[in-house]
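Presented below is the structure to which this report refers.
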Amino acid sequence: MVAPGRRASLPALLASFEAEPLFWPAARPGLESAWYGHVPFAHWLVAATSPRRVVELGTHNGVSFLAFCEAARRRALPTHCTAVDLWQGDAHAGFYDNSVHATLSAFIDRHYPRTASLLRMRFDQALAHIDDASIDLLHIDGRHRYADVWADFSAWRCKLSPRGVVLFHDTEERREDFGVHQFWAEITRQFPHFNFTHAHGLGVLAVGPDTPEPVALLTACATHAVASTIQDRFAALGARFEAEQALHAARRDNATLRAHVANLQAHINALGAYTAELESAAAPARA
């Protein structure tokens with residue numbers, strides 16, 4: 001934890017940004033997700049703080065969750081990551097079928113069998129499966145109405161360890177009934193924090209009294225001029241992952257379009273053959 005009165009230092013903070021985790025590739029590129037822009041930060045955060053337990057509330061395709069798992073695997077950390085979700089979607093994430101959970105579960109079984117587990121249940125049901133004061137890193141990314149975010153943080157706060165850090169996605173999203181930005185404005189009056197404004201926003205809240213040093217340095221910079229430098233660098237790093245996602249999506253769309261064109265061509269060929277048959281049959285009548 002940064003000592004009281006310690007001046008936020010860009011060199012000290014940059015020294016904590018070890019380069020290697022910032023350039024690790026996404027575990028499953030090309031999935032539908034608004035989280036790719038924060039994958040470099042997720043890699044760095046786990047590598048820099050070595051959390052013993054990571055819990056994510058709201059996972060969908062698993063881009064953020066797999067970023068935590070991948071960082072723990074690459075560093076051979078004794079971290080255990082738990083994702084909690086019903087895997088059926090909601091009004092904000094959209095609704096989807098069981099294949100999302102099935103493919104994510106199979107991927108985790110292959111790549112992170114000792115690191116990760118999925119709890120397919122409501123957030124309040126999962127509370128009984130997690131010990132109090134055991135979570136070093138909590139990611140709240142469920143339904144984004146103000147009341148939902150408030151309820152998630154209030155219910156899970158007792159599960160945070162003295163090192164507890166909480167991430168909130170969509171702090172910059174203000175459309176429809178998204179209320180994360182409202183809750184973020186309130187909760188940051190109580191705790192040290194840092195907010196990344198790119199990729200819909202990601203808030204970093206230092207809740208525990210024994211905040212890991214790298215996070216303490218980050219939050220100490222939040223109100224200083226160096227905050228914009230940190231923001232810009234992580235936005236640039238995240239843009240690479242977002243571009244890769246767009247490329248994968250374009251390739252999928254191109255493959256779909258090619259298949260559609262091939263299907264149309266087959267229909268055209270069949271119609272051509274049928275037309276030729278009709279012409280042949282009509283020839284005697286013309287004669």
Side-chain angles (χ1 to χ4, degrees), residues 1-26 29 33-51 54 63-64 67-68 70-71 74-75 136-141 163-174 178 180-208 210-246:
M1 184 174 182
V2 175
R6 177 173 173 179
R7 184 183 181 85
S9 166
L10 179 59
L13 181 57
L14 293 180
S16 72
F17 289 146
E18 182 189 354
E20 183 185 359
L22 300 177
F23 297 97
W24 288 337
S33 176
W35 223 90
Y36 278 107
H38 300 297
V39 167
F41 177 74
H43 286 165
W44 170 81
L45 182 61
V46 171
T49 64
S50 301
V54 177
V63 171
S64 52
F68 304 137
E70 181 66 9
R74 285 179 177 267
R75 280 295 159 84
D136 291 335
L137 178 60
L138 175 65
H139 178 213
I140 296 178
D141 197 16
R163 303 175 72 238
V165 174
V166 185
L167 303 181
F168 297 87
H169 190 224
D170 283 325
T171 54
E172 293 297 312
E173 191 60 72
R174 288 170 169 77
F178 280 65
V180 183
H181 67 95
Q182 295 173 275
F183 181 78
W184 180 251
E186 295 176 3
I187 200 66
T188 52
R189 297 171 192 158
Q190 303 177 39
F191 300 102
H193 58 277
F194 191 95
N195 186 46
F196 292 101
T197 58
H198 66 286
H200 306 278
L202 184 70
V204 184
L205 195 72
V207 178
D210 299 329
T211 304
E213 177 78 2
V215 176
L217 285 168
L218 179 67
T219 59
C221 289
T223 58
H224 293 66
V226 296
S228 62
T229 301
I230 301 304
Q231 161 62 41
D232 291 347
R233 293 189 180 189
F234 272 102
L237 289 165
R240 169 201 165 195
F241 290 85
E242 292 175 322
E244 288 179 351
Q245 179 196 20

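Just so it is clear, the model here is predicted, and its values are computed rather than measured. Values below: every heavy atom of this structure, side chains too, minus hydrogens, waters and symmetry copies.
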[atom1] of [X] to [atom2] of [Y]: how many Å apart, nearest 0.5 Å?
X: D170; Y: I140; atom1: CG; atom2: CD1; value: 13.0 Å
X: L167; Y: L137; atom1: CG; atom2: CG; value: 5.0 Å
X: N195; Y: E172; atom1: CG; atom2: CD; value: 5.0 Å
X: L205; Y: T171; atom1: CG; atom2: OG1; value: 11.5 Å

Donor-acceptor under 3.5 Å (H193 side chain, A222 main chain) |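 Not confirmed, H193 side chain does not pair with A222 backbone.
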For residues [X] and [Y], determine if any side-chain heavy atom of one lies less than 4.5 Å from a side-chain heavy atom of the other.
X: H200; Y: F178; value: no
X: H169; Y: L202; value: yes
X: V63; Y: F241; value: no
X: F41; Y: L237; value: no
X: T49; Y: V165; value: no

Sequence-distant partners of R75, salt bridge (charged side-chain N to carboxylate O under 4.0 Å, His left out), two or more places apart =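 Here the qualifying residues are E18, E20.
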Heavy-atom closest pair, residues [X] and [Y]:
X: P214; Y: A48; result: CG-O, 3.8 Å
X: R163; Y: S50; result: NH1-O, 4.0 Å
X: A227; Y: C221; result: CB-O, 3.3 Å
X: A19; Y: F23; result: O-CD1, 3.2 Å
X: G37; Y: A199; result: CA-CB, 3.9 Å

Test F194 against I230 for side-chain contact (heavy atoms from CB on, under 4.5 Å), laying out the working first.
-> CA-CA 10 Å; F194 191 95; I230 301 304; 4.0 Å; yes
Relative to the ring of [Y], is the ring of [X] parallel (under 30°), tilted (30 to 60°) or perpendicular (over 60°)?
X: F183; Y: F168; result: tilted
X: W35; Y: F68; result: perpendicular
X: H38; Y: F196; result: tilted

Criterion side-chain contact (heavy atoms from CB on, under 4.5 Å) on V39 and W24, from CA distance to verdict = CA-CA 9 Å; V39 167; W24 288 337; over 6 Å; no
Does a salt bridge link E242 with R240, judged by any charged N lying under 4.0 Å from a carboxylate O?
->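 Salt bridge between E242 and R240, a charged N being under 4.0 Å from a carboxylate O: no.
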Going by atom types only, do Q231 and H198 share a side-chain donor-acceptor pair under 3.5 Å?
->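 Q231 vs H198: donor-acceptor pair found between side chains.
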